[in-house]
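Written below as structure tokens is the structure these notes are about.
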Amino acid sequence: MTENETTMGSNFITAIIETDLQANKNDGRLATRFPPEPNGYLHIGHAKSIFLNFGVANTYKGTCNLRFDDTNPSKEEVEYVDAIMEDVRWLGFDWDDRLHYASDYFVKLYDFAVRLIQAGKAYVDDLNADEIRKHRGTLTEPGKNSPWRNRSIEENLDLFQHMRAGAFEDGTRVLRAKIDMAHPNLIMRDPTLYRIRKTSHHRTGDQWCIYPMYDFTHCLSDSIEGITHSLCTLEFENNRPLYDWVLDNVDAPCHPRQIEFARLNLSYTVLSKRKLIQLVEEGRVSGWDDPRMPTICGLRRRGYPPAAIRNFCNRIGMAKRDSVVDVALLEYSVREYLNKRAPRVMGVLRPLKVVIENYPEGRVDELAAVNNPEDPAAGVRKVPFSREIYIERDDFMENPPKKFFRLGPGREVRLRYAFFVTCTDVIKDEKTGEVHELRCTYDPATRGGDAPDGRKVKATLHWVSAAHAVDAQVRLYDRLFDKANPDEKKAGKTYKDFINPDALEVLCGCKLEPCLAAAGPDYFCQFERMGYFCVDSKDSKPEALVFNRTVTLRDAWAKLKKKS
RNA sequence: UGGGGGAUCGUCUAAUGGUAGGACAGCGGACUCUGACUCCGCCAAUCAAGGUUCGAAUCCUUGUCCCUCAGCCA
């Protein structure tokens, strides 16, 4: 792990691991794996699993493999494989040479299946999917045996070989485990092990037309790789008896222990693959990497640092109960990290022109500004000041309410690192009444931002010199949904009805400090008093800068305004 | 309603028979050339009822509620 201040916090899984390690199980070895199916992009929920698996391996000097669970050729693509590897790496984890694919085990898996048949524990079923479902029974009624359940081992072997050879069409036959059609756990009612799929696979091409199912593949892949602790989410709890059954009934190299934990849910967010795909396909976002998306690539483009995501994963902990983590905790983690590292610059997002009437025309002051008050090593820069500047529209009110400390007619405020200025006149559009310029005077004695006479001012404003400003487009991002639980079933509404129309606001003609002219793809900073921003990795050009708002600063004033 | 799981401040999570703790959120204050940061304080929980025990979130009994499983998806 790089740049990580955190060690894995303790939880029920680390407790199990420590017990196993102390008991010298698996010769004191720890091996985990992160097993994504390459049929979509990784999201913050996967980050929790990645953090767990790699994190636990790191803290207990074990190993963590990356394994693609690619047993369904009709859903999986290389595009996803590449994206997943990029995302895991970006999150700060490394699998060294331990990159695996379940498809690499197809031959071994086939042999295991043959041995299962030879042991009389698997059979080829001629029932179709519909018939199998009807034989399965229900939650409360037992299932019925398939008429093909008692074929001879020889016939099963022959049929299975023919399945592999392509003698049968898709859906006409499957290989099933012979367990118990009356088992109270439906998963155990003769689960399907292999199905026929005459589809090319992204890695094995047309070598196979039968593909193993998850329950058969996963446990054996774990075993082949010598995994000691197989960590997965709660919905696989029902599958654990089958995981164990398969390993107990073939000559498996080892028997990993499966442990289930609760998947991550986040407020104001959806994390189901299906819904994320819909958002992309219906054009409700610009793509998988839209900065509003909870995907890893979306968060990356939004400017969320990987270390902040890791810290978040550590903070949310690990347990078995269903839970919904407040997205505010994620945002807190991002701010916490960025506060320490983001250089401070001034950027005026909604410019209001200010003319300093007693400041000489043509004159430019170079003022020293601190780059990062949290990091003295970041040093100081020069910022040009001149007669015409821009300030934030929200920093001026003609009729300020009680708690508004900023600029108003006749009021004096500080321009950060520059001078005290007093508003002397408000110039408005005659027709609309909209304020479009302010006239101020400045006090030359306050150069740098302090008054020699000790007088105080209630506000400090950020500003940019008009003549020196760099123009940019700024994209203000916010939560994608405006409802804490977008999945709440109510009055026929769906999560799509709760998409936040204000999750993206595009601002053009923003005025930035001249030092930002050279901001490249990986640049991030704090626009003082506005939030943390980063250069958009896709759309920003040197001559047309685009910034994304990563997250706002905490804003006590906004909170006050909201209350009244 | 069969099986498998789970219930601790608003949220997330600790405490494994011995003071229910932390974080986020919220509220209040201090500080401040960012209404930021930081610091301090406050608010606030063991699903319920019985039982065992000197002592129970923890052990037992009964009940309640929530999640999950009837893909040839993973």
Side-chain angles (χ1 to χ4, degrees), chain A residues 9-11 15 35-37 39 69-72 74-76 125 127-130 132-134 136-143 170-176 183-189 191-197 210-211 213-215 217-218 232-241 260 262 267 273 315-333 335-336 339-340 344 346 369-370 373-374 403-406 413-418 420 446 448-450 456-462 484 526-531 552-560:
Chain A
S10 66
N11 55 61
E37 183 190 11
N39 70 342
D69 222 330
D70 55 350
T71 58
N72 186 351
S74 37
K75 286 169 62 184
E76 296 150 7
D125 196 343
L127 258 29
N128 64 35
D130 198 42
I132 287 183
R133 177 159 24 88
K134 284 179 180 137
R136 187 149 29 225
T138 68
L139 294 179
T140 48
E141 304 155 27
D170 285 16
T172 55
R173 284 186 169 83
V174 291
L175 182 73
R176 291 230 253 169
H183 201 288
N185 180 353
L186 306 222
I187 299 277
M188 299 296 275
R189 321 245 258 229
T192 302
L193 268 20
Y194 269 87
R195 77 288 216 185
I196 302 169
R197 272 263 206 299
I210 56 170
Y211 292 93
M213 300 284 291
Y214 165 85
D215 287 305
T217 309
H218 201 89
C232 62
T233 45
L234 249 31
E235 68 270 25
F236 291 102
E237 214 155 19
N238 295 316
N239 301 52
R240 178 154 33 98
E260 309 85 11
S267 61
K273 224 176 240 183
R315 264 194 260 261
I316 59 176
M318 199 61 66
K320 291 200 76 159
R321 75 184 81 117
D322 292 309
S323 60
V324 182
V325 174
D326 192 338
V327 74
L329 185 60
L330 214 209
E331 293 167 348
Y332 169 84
S333 301
R335 287 193 191 102
E336 173 196 49
N339 174 50
K340 293 273 188 287
R344 269 60 167 178
M346 293 192 283
V370 175
E374 303 287 325
K403 295 267 176 80
F404 187 85
F405 302 147
R406 282 109 93 146
V413 297
R414 171 169 38 233
L415 294 177
R416 181 143 232 230
Y417 300 124
F420 284 15
T446 57
D450 284 306
K456 298 284 183 205
V457 96
K458 292 200 84 171
T460 300
L461 271 40
H462 62 282
Q526 180 195 110
F527 289 165
E528 292 212 36
R529 307 206 303 134
M530 303 306 288
T552 61
L553 259 26
R554 278 186 61 212
D555 190 345
W557 168 239
K559 210 179 277 178
L560 246 180

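Protein chains get the first letters and strands the later ones, always in sequence-line order, with residue 1 at the start of each. In what follows, every heavy atom counts, from backbone to side chain, and hydrogens, waters and symmetry copies are set aside. All of these numbers come straight from a predicted model, not from anything done at the bench.
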Of A:Ala459 and A:Asn11, whose nearest nucleotide on RNA chain B comes first from the 5' end? A:Asn11
Given RNA chain B, 5'-ward residue of the pair A:Arg195 and A:Thr140, judged by closest heavy atom: A:Thr140
Using the [atom1] atom in both, what is the distance from [N] to [M], to the nearest Å?
N	M	atom1	answer
B:C67	B:C54	C1'	39 Å
B:A49	B:C65	C1'	15 Å
B:G26	B:G10	P	16 Å
B:C24	B:A44	C1'	13 Å
B:A20	B:U8	C1'	8 Å

Among [options], which is the nearest nucleotide to the side chain of [X]?
X	options	result
A:Pro184	B:G3, B:C73, B:G5	B:G3
A:Lys403	B:A74, B:C67, B:G35	B:G35
A:Asn185	B:C72, B:G3, B:A74	B:G3
A:Ala319	B:C72, B:U13, B:C73	B:U13
A:Ile316	B:C72, B:C12, B:C69	B:C12
A:Arg321	B:C67, B:G3, B:U8	B:U8
A:Asn339	B:A36, B:C37, B:C72	B:C37
A:Met213	B:U34, B:A74, B:A70	B:A74
A:Phe405	B:G35, B:A74, B:G6	B:G35

Identify whether any heavy atom of [X] sits under 4.0 Å from a base atom; if not, whether one sits that close to sugar-phosphate; answer base, sugar-phosphate or nothing.
X	result
A:Asn39	nothing
A:Glu237	sugar-phosphate
A:Val324	sugar-phosphate
A:Tyr211	nothing
A:Pro241	nothing
A:Phe527	nothing
A:Arg344	base
A:Arg136	sugar-phosphate
A:Asp170	nothing
A:Leu193	nothing
A:Asp215	nothing
A:Met318	sugar-phosphate
A:Arg173	nothing
A:Thr138	base

Side-chain N,O (A:Ser267) to OP1/OP2 (B:U11) below 4.0 Å: no
May I ask you to verify if any side-chain N or O of A:Thr71 is less than 4.0 angstrom from the OP1 or OP2 atom of B:A74? yes
Regarding B:G35, can its base be found pairing with the side chain of A:Arg529 as donor and acceptor, where the two atoms are less than 3.5 Å apart? no
State whether the distance check finds a donor on one side and an acceptor on the other, under 3.5 Å, for side chain A:Gln526 versus base B:U34. yes
Interatomic distance, [X] atom [atom1] to [Y] atom [atom2] [nearest 0.5 angstrom]:
X	Y	atom1	atom2	value
A:Leu461	A:Arg529	CG	CZ	4.5 Å
A:Ile210	A:Leu175	CD1	CG	8.0 Å
A:Glu528	A:Arg344	CD	CZ	7.0 Å
A:His462	A:Thr460	NE2	OG1	12.0 Å
A:Met213	A:Asp215	CE	CG	7.0 Å
A:Asp450	A:Lys456	CG	NZ	7.5 Å

How should the glycosidic conformation of B:G71 be described, syn or anti, under the criterion that syn lies within 90° of 0? syn
Evaluate whether the aromatic ring of A:Trp557 and the six-membered ring of the B:G35 base sit under 5.5 Å apart, centre to centre, with an inclination under 30°. yes
Residue pair A:Ala459 / A:Phe405: nearest heavy atoms and the distance that separates them: CB-O, 3.3 Å
Heavy-atom closest pair, residues A:Thr71 and A:Glu76: N-OE1, 3.5 Å
Scan nucleotides 24-26 of chain B against the protein and return all N/O pairs shorter than 3.5 Å with their distances rounded to 0.1 Å.
from  : atom 1 : to       : atom 2 : distance (Å)
B:C24 : OP1    : A:Tyr332 : OH     : 2.9
B:G26 : OP1    : A:Lys559 : NZ     : 3.2

Candidate pair A:Trp557 and A:Lys403, rule side chain to side chain contact (heavy atoms under 4.5 Å, CB included), full reasoning: CA-CA 9 Å; A:Trp557 168 239; A:Lys403 295 267 176 80; 4.1 Å; yes
Helical stems, RNA chain B - three or more consecutive Watson-Crick or G-U wobble pairs below 3.5 Å: B:2-7 with B:64-69, B:10-13 with B:21-24, B:26-30 with B:38-42, B:47-51 with B:59-63
Using nucleotides 39-43 of chain B, report all nitrogen or oxygen pairs with the protein that are shorter than 3.5 Å.
none

Would you mind checking if A:Asp130 and A:Lys134 are paired as a salt bridge, meaning a charged N to carboxylate O distance below 4.0 Å? yes
